[in-house]
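Quick notes on the structure that follows.
Per chain, numbering begins at 1; letters A, B, ... match sequence-line order. Worth knowing before you read on, the calculation uses all heavy atoms, side chains too, and leaves out hydrogens, waters and symmetry mates. Since the structure is predicted, the reported quantities are computational estimates derived from the model, not experimental observations.
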Amino acid sequence: MTIKAVRGTRDLLPPETESWNQVEQAAREVFALYNFHEIRTPILEDTQLFARGVGEATDIVFKEMYTFEDRARAQSEKAQSLTLRPENTAGVVRAYIEHKLWERPGLQKLYYIGPQFRRERPQKGRYRQFYQIGAEVIGPPSAGSESPARDAEVLQMLVSLLQRAGIKDWNLQLNSVGCANCRPAYNEALRQALAGVVDRMCVDCQRRAQTNPLRVFDCKVPEDQPTIETLPRIGEFLDEPCREHFAEVLEILRATGTPYTLNDRLVRGLDYYTRTAFEFTQGSLGAQNAILGGGRYDGLSEAIGGPKAPGIGFAIGEDRFVMALSAGEAVPSSSVPHAYIAPLGAKMNAAAAQLARELRDQNVSVELGDDSFRLKKSFETAEKLGIAKVIIVGENEVASGQFAVKDLKNGEQKSMGREQLPEVLRRPARTSSSSVTEV
RNA sequence: GUGGGUGUAGCUCAACUGGCAGAGCACCGGACUGUGGCUCCGGACGUUGUGGGUUCGAUUCCCAUCACCCACCCCA
């Protein structure tokens, strides 16, 4: 049996990796405009971080984590339970606490790009090793971390990222899920309301009513919808501070022309979310149509043993983002070298390598051939690689110092000294209509 | 974890009712020894996902298993 990539993981090959780099570059540029800076946290974390941060009862922690016991190195050392991170917010907050980042001036505005791991059944837009691009704004309340201005700014940043990357047909769904103060009352009201009607609902809802009542709002069974419509909404239970916070977020969004859709059934699957919760969906993605999601997590730091450090953040599903991109026409023009160097005849490899190095030092990208190739093969190879210009390095050229440069687009060939090469090669090829008709 | 679908060459797909596993594209070489695209000729290409069963004979029928796809659950 040949060895294959394990289930739910995949190789990203060229030219697709070009799209990934484009997405990441667009993200870095936009983040920089909003003064976010990169953080890189370990892929491996103490299992407790996720149990306490993400929530013991969530599906992610309960049944989807890659967890294993790291063996003790010495008698005196205890074995430790480690987990491949299923998301990155907990890790960022852990680092915030560990390095006392609240001692630094202002808010911490951090972004990350990297792989995450969840053991789910693979599906379109869902992998066991998947990639997230995310950002967090976190800090002490005195630095403004609780301000609705931060929520609105993050949402606005996401809109500019989607626009810059060329994602179309997106929709921003917004809700407020309350806080530690008002959510218990709502949970109780919901539980009571469900108690009366749950036996008429689908089996999944009956289970949700027990384990995580908020999630009945996710139900897609048509027969359940009328029942769900009668259930109380979190919006009716928000306390005054939560209500004001949400209203101000909306006001800023309107003022900045950021379109949104209120969705009072939007709930999020991680325990740490408070107040603002959001999701961007995209039309071309199939059932897994959430291209990114996030929200506020005002109690997360304290849940994992840190100081009060409210924050808001999001994670973009990079796999889905790239998918949404290639569903449109925004296919990347993969980068093709400026020139192909064709060493011609025996013992020309050294001279060709020398020229290649000179050109590369001057930022000319070069694919270097082999002197065992016949010229014909060199031309064919350059043609197949889509390279526009071929430089011939033969005995004549080496002796005279004049190199033959052929433009494959229009068939013209001329001789020139090496000092002229970089400038000529970097110039894009002219494709005159007259040259197309030769042959 | 549950349900449905699909697995044949690098890619896209054929192969009648169970009877020699094929084509196009791509790849390699030649025609053409310092000049590509077009054309022609030739070459290589497979444990038909894997293992078992039925059969004189299985890509085809049956069972199991694995992978992928789609959906549920859940999430990015």
Quick one: label [X] by what it contacts on the DNA or RNA (base, sugar-phosphate, nothing), any heavy atom closer than 4.0 Å.
{"X": "G8(A)", "result": "sugar-phosphate"}
{"X": "R320(A)", "result": "base"}
{"X": "Q116(A)", "result": "nothing"}
{"X": "E64(A)", "result": "sugar-phosphate"}
{"X": "I133(A)", "result": "nothing"}

Euclidean distance for [atom1], [N] against [M] (whole angstrom):
{"N": "rU8(B)", "M": "rU59(B)", "atom1": "C1'", "value": "7 Å"}
{"N": "rC69(B)", "M": "rG29(B)", "atom1": "C1'", "value": "39 Å"}
{"N": "rG52(B)", "M": "rA44(B)", "atom1": "P", "value": "30 Å"}
{"N": "rC16(B)", "M": "rG49(B)", "atom1": "P", "value": "15 Å"}

Donor/acceptor link under 3.5 angstrom from [X] side chain onto base of [N]:
{"X": "R118(A)", "N": "rA76(B)", "value": "yes"}
{"X": "R7(A)", "N": "rC66(B)", "value": "no"}
{"X": "K376(A)", "N": "rG34(B)", "value": "no"}
{"X": "Q413(A)", "N": "rG34(B)", "value": "no"}
{"X": "E380(A)", "N": "rG36(B)", "value": "no"}
{"X": "E120(A)", "N": "rA76(B)", "value": "yes"}

Review point. Does a side-chain N-to-carboxylate-O contact under 4.0 Å join E397(A) and R418(A)?
Key: no

Check your understanding: So, R275(A) and D151(A), do they make that salt bridge, N to O below 4.0 Å?
Key -> no

Revision key, fill the gap. What residues 47-58 of chain A contributes to the RNA chain B interface at heavy-atom separation below 4.0 Å is none

Study note, to complete from the structure: Whole-Å distance, R207(A) CZ to rG1(B) C1', equals 11 Å

Point to revise | Nucleotide forming a Watson-Crick or wobble pair with rA71(B), both distances under 3.5 Å | key: rU2(B)

Point to revise | Base partner of rG42(B), which must satisfy Watson-Crick or wobble distances under 3.5 Å | key: rC28(B)

Exercise for review: Could you check which of rG29(B), rC72(B), rA76(B) has an atom nearest any side-chain atom of R121(A)?
Suggested key: rC72(B)

